[in-house]
Amino acid sequence: MPELLEVEIYRRFAHQTVGRTITSVHAPDDWFLKNTTAGELEGLLPKLKVLGTSRIGKLLLLELGTKKSIDLHLGLRFGMTGRLIVDDGAAIDQLEYSSDRNDPAWDRFGLTFDDGLMLLRDPRRLGGIELDPDTSKLGPDAWGISAADLGAALGKGRGPLKARLLDQKRIAGLGNLLVDEILWRSGFSPHRVSGELNANDNKKLAKMINVVLDELDKKGGSHQGDLQDSRSREGECPRDGAPLAREKVGGRTTYWCPNHQK
DNA sequence: ATTGTGGCCTGCCCGC
DNA sequence: TGCGGGCAGGCCACAA
């Protein structure tokens, strides 16, 4: 997916629709609707106005007010390949590892407004739409996280550090590329036992999470990291030239430098 | 409760 | 040119 940074770009883009009134719902794919149906959405949404947007981790929320005592927050998840299109422009034209074709068959969900439209285009259908998603299941957003909150998120777990950082219940928003970049820059091995970080480690790691997010946000996204170009077999560490290790950690393909990440 | 595994679904790229 | 295998930035259900 789009990781936190891409979803934040989507959110800013979606924010253009604040104040517009929904006129119709396009929900052709039942699979994509996680806790609702096309019929329910068609009954609830038209005539409602977009009141605001927010984001927790990789979850984008449209605030639509309250109707029939349902608090209408529409949750949009993008999976690994979802893109958001508002009016005539895609929020992000080129997603790494996703096709940049514009095939209308990939339109999984859409809203038409009195003025313009919003489309979620997802080739792989790993994203989804959820009505009033339970945000209490998500940890604190990674962007702006404090050392104390990071320490609490890491807890006393015995699993690898990388797996915990990817666990959205613990800390929300980091994906595979961001975690590899953060660990590489801060010099922690992805295999470090997450519960064994001390207060200094937490401080260092929390700071690096924020530095990387700030910096890559300015550069344009999660794939603009310094490690990115070396994420391939035969890749070498951009810092010290050592061969990068490539292995599965936390179920995800991981590139890291055994020479300086300890 | 925590941790690891497999699967979801589809497109693309590589090598034969 | 066609085909099979492997790959993919996410997430969830399930089992140990």
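Values below: all heavy atoms of this structure, side chains included; hydrogens, waters and symmetry mates excluded. Numbered from 1 within each chain, the chains take letters A, B, ... in sequence-line order.
Nearest heavy atom pair, residue A:Tyr255 against residue A:Asp180, reads N-OD2, 3.0 Å. Scanning all heavy atoms of the two residues, the minimum distance from A:Trp256 to A:Thr254 falls at CD1-CG2, 3.9 Å.
A straight line from OH of A:Tyr10 to C1' of C:dG10 spans 13 Å, rounded to a whole angstrom. Here C:dC7 presents its C1' atom at 14 Å from CG of A:Leu126, a figure rounded to the nearest Å. Whole-Å rounding puts the A:Leu138 CG to C:dC11 P distance at 9 Å. When rounded to the nearest whole Å, the span between CG of A:Asp103 and C1' of B:dG11 equals 11 Å. B:dC12 atom C1' lies 13 Å from atom CE of A:Met80, rounded to whole Å. Atom C1' of nucleotide B:dT10 and atom CH2 of A:Trp106 are separated by 9 Å, given to the nearest angstrom. Counting to the nearest Å, the P atom of B:dT10 and the CG atom of A:Asp29 are 8 Å from each other. Distance CG (A:Asn35) to P (C:dA13): 12 Å, rounded to an integer number of Å.
Two residues are said to be in side-chain contact when any heavy atoms from C-beta on lie closer than 4.5 Å; A:Pro46 and A:Val25 meet this criterion. Counting only heavy atoms from C-beta outward, the side chains of A:Leu119 and A:Leu84 never approach each other to under 4.5 Å. Looking only at side-chain heavy atoms (C-beta outward), A:Phe188 and A:Leu161 come within less than 4.5 Å of each other.
Remark: A:Arg125 is not in phosphate contact with C:dG10, judged by side-chain N or O atoms under 4.0 Å from OP1 or OP2. Residue A:Thr81 places none of its side-chain N or O atoms closer than 4.0 Å to OP1 or OP2 of B:dC9.
Non-hydrogen atoms lying under 4.0 Å from DNA chain B are contributed by A:Gly157, A:Arg158, A:Gly159, A:Pro160, A:Arg164, all within residues 155-166 of chain A. For the contact set between residues 167-191 of chain A and DNA chain C, defined by any heavy atom under 4.0 Å, the members are A:Gln168, A:Gly175, A:Asn176, A:Leu177.
Relative to the side chain of A:Trp31, the nucleotides B:dC9, B:dG11, C:dA8 differ in distance, and B:dC9 lies closest.
Nucleotides C:dC11 and B:dA1, compared at atom P, are 22 Å apart to the nearest Å. Going from the P atom of B:dC9 to that of C:dC14 covers 15 Å, rounded to whole Å.
Of the nucleotides present, B:dT5 is the one that pairs with C:dA13 by Watson-Crick or G-U wobble criteria, both distances under 3.5 Å.
A:Arg185 and A:Glu215 are joined by a salt bridge, as a carboxylate oxygen and a charged side-chain nitrogen come within less than 4.0 angstrom of each other. Salt bridge A:Arg12/A:Glu8: present, at least one basic N to carboxylate O contact under 4.0 Å. In summary, A:Arg83 and A:Asp122 do not engage in a salt bridge, as defined by a charged side-chain N under 4.0 Å from a carboxylate O.
Side-chain contact annotation: A:Asp226 with A:Trp184, donor-acceptor N/O pair under 3.5 Å absent.
In the hydrophobic clustering of ILVMFWY residues, with side-chain heavy atoms under 4.5 Å counting as a link, A:Val86 and A:Phe113 come out together.
Applying the 3.5 Å distance criterion, the base of B:dC9 shares a donor-acceptor pair with the side chain of A:Arg124.
When heavy atoms are screened at a 4.0 angstrom cut-off, A:Arg246 is found touching the sugar-phosphate backbone but no base atom.
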